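Taking it in order: structure first as structure tokens, then the write-up.
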Amino acid sequence: MGYSHKTIEAKWQKYWSENSTFKSEDESSNKPKYYVLDMFPYPSGAGLHVGHALGYVATDIVARYKRMKGFNVLHPMGWDAFGLPAEQYAIKTGTHPKITTHENVQNFKNQINKLGFSYDWSKEINTTDPDYYRWTQWIFLQLYNKGLAYEEEVNVNWCPELKAVLANEEVVNGKSDIGGHPVVRLPMKQWILKITDYAESLLEGLDDLDWPENIKELQKNWIGKSEGVELSFDVDGFSEKIDVYTTRPDTLFGATYMVLAPEHPLVDKIVSSDRKKSVDDYILETQKKSDFDRTEVNKDKTGVFTGSFAINPFSKEKIEIWIADYVLISYGTGAIMAVPGHDERDWEFANKYNLPIIEVIKGGNVNEAAYTAKGNAKIINSNNEDTITLNDLTVDEGVSKAIDYISKSGIGKATVNYKLRDWLFSRQRYWGEPFPIIHTEAKIETVKENELPVLLPEVDNYKPSDDGKSPLSNINSWVEVRDVNNNIIGLRETNTMPQWAGSCWYFLRFTDPNNSSKAWSKEKENYWMPVDLYIGGQEHAVLHLLYSRFWHHVLFDLGLVSTKEPFKKLYNQGMILGDDGTKMSKSRGNVINPEVIIDEYGADSMRLYEMFMGPLNKSKPWSTKGLQGCYRFVNKLWSIIINENGSLSSRIKEDIEPDNETLFIHNQTIKKIGEDIENLHFNTAVSQLMIYCNHMQKCESLSRELVEELIIIIAPFVPHLSEELWSILGNKNSVSYQNWPSYDESLIQLDNVTIAVQVNGKLRANIEVPKDSKEEDVISEALSLENVEKFTSLGSVVKTIYVQNRLLNFVVK
RNA sequence: GCCCGGGUGGUGAAAUUGGUAGACACAAGGGACUUAAAAUCCCUCGGAGAUAAUACUCCGUGCCGGUUCGAGUCCGGCCCCGGGCACCA
């Protein structure tokens with residue numbers, strides 16, 4: 001009887017499920033805790049693909065390893081099930097998203113279970129479950145009560161063709177991602193979360209996180225902190241002042257004109273009558289442009305003169321005030337001082353409209369291009385006896401001096417700006433969490449906490465209305481809130497929350513998923529949080545990972561959670577590409593279906609191969625040939641331990657003394673596998689297992705004790721096979737909770753070591769000497785070698801470098 | 001344009017962080033077993049030269065230079081690929 005992956009895998013999956021093998025202990029456990037989390041999936045109709053599996057295999061190996069190391073492991077799985085595809089399917093077919101979601105979840109769960117993951121299914125959650133979104137609504141109320149949620153009229157992406165409001169990420173180059181229809185901007189009342197209040201907190205928090213540097217960098221850039229100064233310019237003939245934000249106050253003498261964003265409130269006031277028409281036309285023109293057109297970098301800059309002048313506070317010169325759409329109303333003060341000599345955008349604009357350019361930083365040629373050097377570049381042409389002189393200072397010195405002067409003279413103050421914008425938190429959709437909000441005539445009222453959840457009602461038509469309102473707005477019986485006398489006292493908010501909402505806190509719910517009176521108990525949260533290891537795709541670098549950190553910071557400030565940061569260590573799995581090296585996609589026809597692979601080669605081989613392919617965080621192409629190599633390995637391992645007839649191989653003996661080489665490899669393997677798992681270097685762990693297995697194959701007899709230890713350390717990688725071998729060896733319990741074997745460091749040290757002998761850095765010989773030999777002994781032995789002597793005799797040895805137990809290098813001149 | 005990653009055999013990749021480049025595997029070639037095939041096992045496998053020799057020599061980690069006894073690894077400049085951001089003053 002050979003190795004039959006189908007019977008073995010089905011057998012142990014059933015066993016694990018029936019025995020609740022992977023149910024974690026509660027917070028009263030005396031074991032240390034370890035929380036290892038996957039980014040929970042959106043259960044799409046397409047099912048699981050091999051790329052999903054990559055991250056899940058990695059976390060599963062860590063979870064299984066940590067259990068064996070004596071940790072109480074929380075390794076849960078759930079479903080991020082609100083969202084667009086189910087809703088669009090409903091629009092097309094009339095099938096309720098609840099039904100679609102349920103089917104997809106079943107499908108995903110079946111597929112996941114076939115891979116032999118050790119999830120604690122008693123903790124399964126689903127964001128669309130009222131028992132779950134009740135608490136999503138509850139957290140929203142906490143944010144609202146803290147003043148972090150507000151309503152505002154903002155432009156949304158409206159696609160007339162699809163009759164749908166699209167999220168920013170669903171709009172690509174001004175067209176809908178689906179179908180490529182034009183998208184226009186339409187003002188609508190929206191819920192906004194004040195994430196900008198937490199910009200500094202989110203930035204600071206990054207420092208202590210064990211996250212990939214590039215993800216931290218992405219978040220830093222996204223938050224986009226900039227330090228500068230805000231100062232006001234007097235407007236000639238008006239009492240109003242124009243505030244600008246600049247990071248380069250050292251170039252103030254070079255500010256030769258000003259630009260206001262077309263939406264700036266002062267435009268109307270200061271525009272001269274002869275310019276009114278052209279200014280109004282320009283404003284109208286910009287309003288028509290899409291955001292895409294406005295933010296296109298390479299387009300020609302446009303603008304018009306307002307007819308008014310401002311006074312440069314340093315030079316006291318009169319400078320023109322323009323409006324132009326390259327200045328954004330949403331950043332800084334919505335107005336800038338333009339320094340064409342030293343800012344590329346301003347230079348381009350000044351060049352086009354013949355505005356004056358003054359050189360105030362030495363080094364470039366401002367007639368040709370803006371000169372943007374900073375740091376130690378020298379300031380020139382910046383002197384006014386009545387105000388300030390910056391001449392001959394470096395840029396850095398000039399910045400400090402200018403800020404100093406600006407704040408002392410009362411024209412402005414040092415300021416910090418962030419690129420981060422507040423978070424548009426509502427969608428005009430059906431399949432999402434309803435807001436616990438009621439609009440009455442006078443004000444906004446919140447639904448009482450004990451009346452949560454606000455249930456999502458049944459609807460007949462999932463389409464948004466023509467004016468872009470959510471399908472919920474059509475259900476009067478739900479929208480209208482009545483008092484006991486059946487009088488309408490308010491209208492429910494009909495927008496729903498975006499898909500990010502549920503994933504902002506799911507890791508907290510996993511600590512206490514069945515709590516019906518609270519979102520989580522303090523004890524459980526305190527025991528399990530933070531997440532020790534979080535693995536998922538890099539595509540969530542700034543959205544999910546920033547939003548959930550934001551909520552967590554708020555919850556921390558409210559005293560509702562015990563750590564400021566939710567995810568201690570983050571790691572991104574790479575993509576698995578098709579065997580042609582391109583992204584797996586249906587249209588390319590290079591999609592690998594994990595079920596087909598499991599059917600033919602088994603989950604154990606697939607797990608092993610996905611880990612063996614290369615470093616976890618790299619993209620790498622799939623190769624079914626490569627997978628076959630792992631399948632061969634698994635079979636080889638089986639046939640070493642198990643006979644043809646299915647019983648234990650006679651090679652395995654109770655009372656044999658393993659030879660030194662075997663002990664060396666055995667101990668080295670235990671050490672390396674443990675270290676590699678801790679460092680997430682699964683590919684090298686697998687190759688070490690192969691090395692060990694290749695060695696075992698050559699051994700005539702094997703020590704039962706060592707074989708048992710081997711089975712334990714391979715169990716995280718190939719759990720089904722290990723359970724089967726473990727039981728054939730006569731063990732009654734699951735291998736999953738065996739203690740991880742320890743290794744003997746002294747056995748990993750060999751008695752003899754090979755020393756590389758080099759002459760002038762080139763390898764000339766290898767010698768084997770006893771470990772820790774004396775330097776002079778090694779040198780004299782090396783010098784006596786023919787091939788070494790040949791090269792040392794070409795000159796005289798002027799220096800000798802000796803690296804203990806490793807290398808000897810003669811420097812000959 | 002700016003900010004991150006990354007360039008090592010025919011292929012996926014290793015290399016204890018400055019110390020024998022190519023572990024482990026795939027593919028390829030050769031052999032054993034077999035009537036044959038599959039499976040399995042054994043051998044070869046960066047390039048060039050040389051040899052009776054699996055003595056040996058030279059070259060080789062994207063390119064050019066540097067530091068060092070010694071560089072895939074560190075420093076400077078450049079080229080290419082992947083990802084992210086993009087008029088943020």
Side-chain angles (χ1 to χ4, degrees), chain A residues 2 212-218 220-222 224-226 228 244-248 251 255 259 294-299 301 324-328 330-339 342-346 348-349 417-421 538-539 541-542 572 574-575 577 579 581 609 612-615 617-630 632-633 635-636 639 672 675 681 683-694 697 754-766 786-787 790 797-813:
Chain A
E213 278 309 314
N214 65 319
I215 300 288
K216 287 200 206 179
E217 201 63 35
L218 281 172
K220 254 181 222 167
N221 293 342
W222 190 264
K225 181 177 182 174
S226 109
V244 301
Y245 172 75
T246 180
T247 55
R248 295 294 304 274
T251 61
V259 186
R294 275 194 68 171
T295 55
E296 176 68 56
V297 182
N298 295 325
K299 64 147 201 197
K301 288 184 176 37
D325 67 359
Y326 82 91
V327 173
L328 308 172
S330 51
Y331 184 79
T333 61
I336 61 155
M337 61 176 218
V339 183
H342 307 284
D343 180 284
E344 283 169 7
R345 298 152 302 183
D346 297 343
E348 199 189 314
F349 193 78
N417 260 305
Y418 301 89
K419 282 199 233 175
L420 185 70
R421 300 293 152 78
Q538 198 173 348
E539 65 273 20
V542 282
N572 299 118
M575 241 192 303
L577 307 168
D579 57 8
Y609 173 62
F612 185 60
M613 288 171 85
N617 60 357
K618 295 262 166 61
S619 289
K620 51 237 155 185
W622 177 270
S623 154
T624 300
K625 291 274 189 196
L627 169 87
Q628 283 165 352
C630 289
R632 275 202 281 274
F633 167 75
N635 276 285
K636 199 194 280 183
S639 65
K672 184 153 174 62
E675 287 173 355
H681 294 164
N683 54 330
T684 49
V686 176
S687 76
Q688 181 65 34
L689 291 174
M690 288 171 169
I691 290 167
Y692 191 9
C693 183
N694 288 344
Q697 204 171 19
T754 304
I755 295 208
V757 182
Q758 302 180 335
V759 179
N760 288 338
K762 287 197 172 173
L763 181 70
R764 296 304 173 188
N766 285 307
E786 195 191 334
N787 203 45
K790 196 164 117 192
V797 177
V798 295
K799 198 173 168 186
T800 309
I801 289 112
Y802 181 64
V803 183
Q804 179 91 94
N805 297 329
R806 188 157 307 198
L807 173 140
L808 178 65
N809 186 16
F810 295 110
V811 183
V812 172
K813 273 189 179 151

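Keep in mind that what you see is a predicted model, and the values were worked out from it rather than measured. Here is the naming used below: chain letters follow the sequence lines, and residue numbers restart at 1 for every chain.
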Roughly how many Å apart are [M] and [N], using the [atom1] atom of each and rounding to a whole number?
N	M	atom1	answer
B/C45	B/G9	C1'	10 Å
B/G72	B/C58	P	16 Å
B/A50	B/U57	P	16 Å
B/G62	B/A71	C1'	16 Å
B/C56	B/C74	P	32 Å
B/C87	B/C79	P	25 Å
B/G30	B/G84	P	46 Å
B/G12	B/C85	P	28 Å

Identify whether any heavy atom of [X] sits under 4.0 Å from a base atom; if not, whether one sits that close to sugar-phosphate; answer base, sugar-phosphate or nothing.
X	result
A/Ile336	base
A/Tyr245	sugar-phosphate
A/Asn635	nothing
A/Asn787	sugar-phosphate
A/Asn766	base
A/Lys225	nothing
A/Gly629	sugar-phosphate
A/Pro212	nothing
A/Lys419	base
A/Asn809	base

Exercise. Which one of A/Val803, A/Ile801, A/Ile755 satisfies the side chain to side chain contact (heavy atoms under 4.5 Å, CB included) criterion with A/Leu808?
Worked result: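 The single option meeting the side chain to side chain contact (heavy atoms under 4.5 Å, CB included) with A/Leu808 is A/Ile755.
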Exercise. With no hydrogens and no angle check, is any side-chain donor or acceptor of A/Tyr609 less than 3.5 Å from a backbone partner on A/Gly629?
Worked result: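 Judged by distance alone, no pair lies under 3.5 Å.
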Write down the distance between [atom1] ([X]) and [atom2] ([N]), rounded to a whole number of angstrom.
X	N	atom1	atom2	result
A/Leu807	B/U68	CG	P	19 Å
A/Lys301	B/A89	NZ	C1'	12 Å
A/Phe349	B/C87	CZ	P	16 Å
A/Tyr418	B/C85	OH	P	21 Å
A/Arg248	B/A89	CZ	C1'	11 Å
A/Glu213	B/G84	CD	C1'	16 Å
A/Ile691	B/A15	CD1	P	11 Å
A/Met575	B/G82	CE	P	12 Å

When you measure from the side-chain N and O atoms of [X] to the phosphate of [N], is any distance below 4.0 Å, counting only OP1 and OP2?
X	N	answer
A/Lys762	B/C59	yes
A/Asn683	B/A14	yes
A/Lys799	B/C69	yes
A/Asn694	B/A25	yes
A/Gln697	B/C41	yes
A/Arg764	B/U20	no

Problem set entry | Residues A/Asp346, A/Tyr326; criterion side-chain contact (heavy atoms from CB on, under 4.5 Å); working and verdict | CA-CA 9 Å; A/Asp346 297 343; A/Tyr326 82 91; 2.8 Å; yes
Problem set entry | Syn/anti state for B/G49 [syn: chi within 90° of 0] |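 Chi for B/G49 falls in the anti range.
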Exercise. Would you call B/U17 syn or anti, using the 90° rule around 0?
Worked result: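 With its glycosidic angle within 90° of zero, B/U17 counts as syn.
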Exercise. If you take atom types as modelled and just measure distance, does the side chain of A/Lys220 reach the base of B/C3 with a donor-acceptor pair under 3.5 Å?
Worked result: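 By the distance-only test, no, there is no pair.
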Exercise. For RNA chain B, what string of dots and brackets results from 5' to 3' when Watson-Crick and G-U pairs need both distances under 3.5 Å, crossing pairs get [ ], and pairs with another strand get |?
Worked result: (((((((..(((......[....))).(((((.......))))).((((......))))..(((((..]....))))))))))))....
Exercise. When you match A/Leu763 and A/Glu344 each to their closest nucleotide on RNA chain B, which lands nearer the 5' end?
Worked result: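 Comparing both residues, the 5'-ward one is A/Glu344.
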For this session: Using the closest heavy atom to pick a nucleotide of RNA chain B for each, name whichever of A/Ile755 or A/Ser687 lands nearer the 5' end.
Result: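 Going by which nucleotide is closer to the 5' end, it is A/Ile755.
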Considering only side-chain heavy atoms of [X], which listed nucleotide, [options], is closest?
X	options	result
A/Arg806	B/U20, B/A25, B/G19	B/G19
A/Arg632	B/U40, B/G19, B/C85	B/U40
A/Thr246	B/C85, B/A89, B/A13	B/A89
A/Ser226	B/G12, B/U20, B/A89	B/A89
A/Phe612	B/A25, B/G19, B/A14	B/A25
A/Asn214	B/C85, B/C4, B/A89	B/C4
A/Glu217	B/A13, B/C85, B/C3	B/C3

Would you say the side chain of [Y] lies within less than 4.5 Å of the side chain of [X], judging by non-hydrogen atoms?
X	Y	value
A/Phe810	A/Val757	yes
A/Val811	A/Asn760	yes
A/Ile336	A/Asp343	no
A/Tyr331	A/Arg421	yes
A/Ser639	A/Gln697	no
A/Pro212	A/Asn617	no

Problem set entry | Polar side chain donor-acceptor pair, A/Lys419 to A/Asn221, under 3.5 angstrom |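 Their side chains do not contain a donor-acceptor pair, so the 3.5 Å distance test is not met.
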For this session: Would you sort out whether A/Asn694 and A/Lys636 count as a side chain to side chain donor-acceptor pair (under 3.5 Å), showing the intermediate values?
Result: CA-CA 9 Å; A/Asn694 288 344; A/Lys636 199 194 280 183; 3.1 Å; yes
Exercise. Heavy-atom count around A/Glu344 CD within 6.0 Å, excluding the residue itself: above 12?
Worked result: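 It does not: A/Glu344 CD has 12 such atoms or fewer within range.
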